[in-house]
**Student:** 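Encoded as structure tokens, here's the structure I'll be asking about.
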Amino acid sequence: MTDQHVHDHQHLLDEARLAAQATYSPYSSFPVGAALLTAEGDVVRGCNVENISYGLTNCAERSALFSALSQGALPRTFKAMAVYAPKVPLISPCGACRQVLLELMAPDAVIVCQGSDPAATRTWTLDQLLPGAFNAF
Ligand code: THU
């Protein structure tokens, strides 16, 4: 990832950091925030929301996507998502979220991920995150 990309995505990462403050994660104590950039340039935030029945947990990435669609955004129009998690040096989306990201984001969308070590920040394409995916398109 180039410095230019870091600069371009800094605002989105800042939004993801703010999104993490809304986390409901009493079971894992692992806050995660996501910020989704829409085709119109709006930012929609999401955080992880846990449940005492642990399997019902919703990751920050899916929270942001589902929130954006619920607000009327169209699938496959999202240009970028930033993900922030302070408890690891670098966060990487889980397998379930990768499948959902692939279906709902624009084909050329990028995912910018940051943890506690800003120098470790990475940007991945959807194809890099889920090569050879089961794809509806
Ligand atoms: N989590 C996310 O929200 N996004 C990720 O990319 C990885 C994991 C959440 C799920 C759970 O609430 C907590 O982090 C620990 O796994």
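Counting starts at 1 for both ligands and their atoms, following the listed order. Hydrogens, waters and symmetry mates are skipped; everything else that's a heavy atom, side chains included, is used. One-based numbering along the sequence shown.
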**Student:** Would you say A60 has any N or O atom under 3.5 Å from an N or O of ligand 1, going by distance alone?
**Tutor:** yes

**Student:** Determine, step by step, whether S25 and E50 satisfy the side-chain hydrogen bond (donor to acceptor under 3.5 Å, both in side chains) criterion, reporting the C-alpha distance in whole Å, the side-chain angles of both residues, the deciding distance to 0.1 Å, and the verdict.
**Tutor:** CA-CA 5 Å; S25 50; E50 299 186 344; 4.9 Å; no

**Student:** Ignoring hydrogens, what is the shortest heavy-atom contact between E61 and M81? Give both atom names and the distance.
**Tutor:** O-CE, 3.5 Å

**Student:** If I compare all heavy atoms of T23 with all of V32, which pair ends up nearest, and what's the gap?
**Tutor:**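 Looks like OG1-N, 4.2 Å.
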
**Student:** Regarding S92 and R98, is there a side-chain donor-to-acceptor distance under 3.5 Å anywhere?
**Tutor:** yes

**Student:** Compare all side-chain heavy atoms of I111 with those of Q128 and state whether any distance is below 4.5 angstrom.
**Tutor:** no

**Student:** Hey, does C97 sit under 4.0 Å from ligand 1 if you only count heavy atoms?
**Tutor:** no

**Student:** How far does CG of N58 sit from SG of C47, to the nearest 0.5 angstrom?
**Tutor:** 9.0 Å

**Student:** Pairs in or reaching into residues 14-45: which pass ring-ring contact (aromatic ring centres under 6.0 Å, His included), with residues at least two apart or in two chains?
**Tutor:** Y27-Y54

**Student:** Take atom 6 (O) of ligand 1 and look for protein heavy atoms under 4.0 Å from it; say yes if you find one, no if not.
**Tutor:**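 So atom 6 (O) of ligand 1 has protein heavy-atom neighbours under 4.0 Å.
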
**Student:** Numbering the atoms of ligand 1 from 1, which are under 4.0 Å from a heavy atom of E50?
**Tutor:**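 Under 4.0 Å from E50, ligand 1 has these atoms: 11 (C), 12 (O), 13 (C).
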
**Student:** Does some non-hydrogen atom of C47 fall short of 4.0 Å from ligand 1?
**Tutor:** no

**Student:** Provide the closest heavy-atom pair for F78 versus A109 in the form atom of the first, atom of the second, distance.
**Tutor:**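 Shortest heavy-atom contact: O-CB, 3.4 Å.
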
**Student:** Would you name the heavy atoms of I91 and Q114 that are closest together and state the gap between them?
**Tutor:** CG2-O, 3.5 Å

**Student:** Quick one: does V83 get a heavy atom under 4.0 Å from ligand 1?
**Tutor:**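 So V83 does not count as touching ligand 1.
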
**Student:** Say whether N48, considering both its backbone and side-chain N or O atoms, lies within less than 3.5 Å of an N or O atom on ligand 1.
**Tutor:** yes

**Student:** Considering the heavy atoms of P93, write down every atom of ligand 1 situated less than 4.0 Å from one of them.
**Tutor:** 6 (O)

**Student:** Counting from 1, what ligand 1 atoms have a heavy atom of T57 closer than 4.0 Å?
**Tutor:**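 Reading through ligand 1 atom by atom, the close ones are 10 (C), 11 (C), 12 (O).
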
**Student:** Mark up the atoms of ligand 1 that fall under 4.0 Å of a heavy atom belonging to S92, in ascending order.
**Tutor:** 6 (O)

**Student:** How close does the nearest protein non-hydrogen atom get to atom 4 (N) of ligand 1, and which residue and atom is it?
**Tutor:**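 Nearest neighbour among protein heavy atoms for atom 4 (N) of ligand 1, to 0.1 Å: E61 OE1, 2.9 Å.
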
**Student:** Among all protein heavy atoms in this structure, tell me which lies nearest to atom 14 (O) of ligand 1, with the distance rounded to 0.1 Å.
**Tutor:** F30 CD2, 3.3 Å

**Student:** List the closest protein heavy-atom neighbour of atom 8 (C) of ligand 1: residue, atom name, distance to the nearest 0.1 Å.
**Tutor:** C59 SG, 4.2 Å

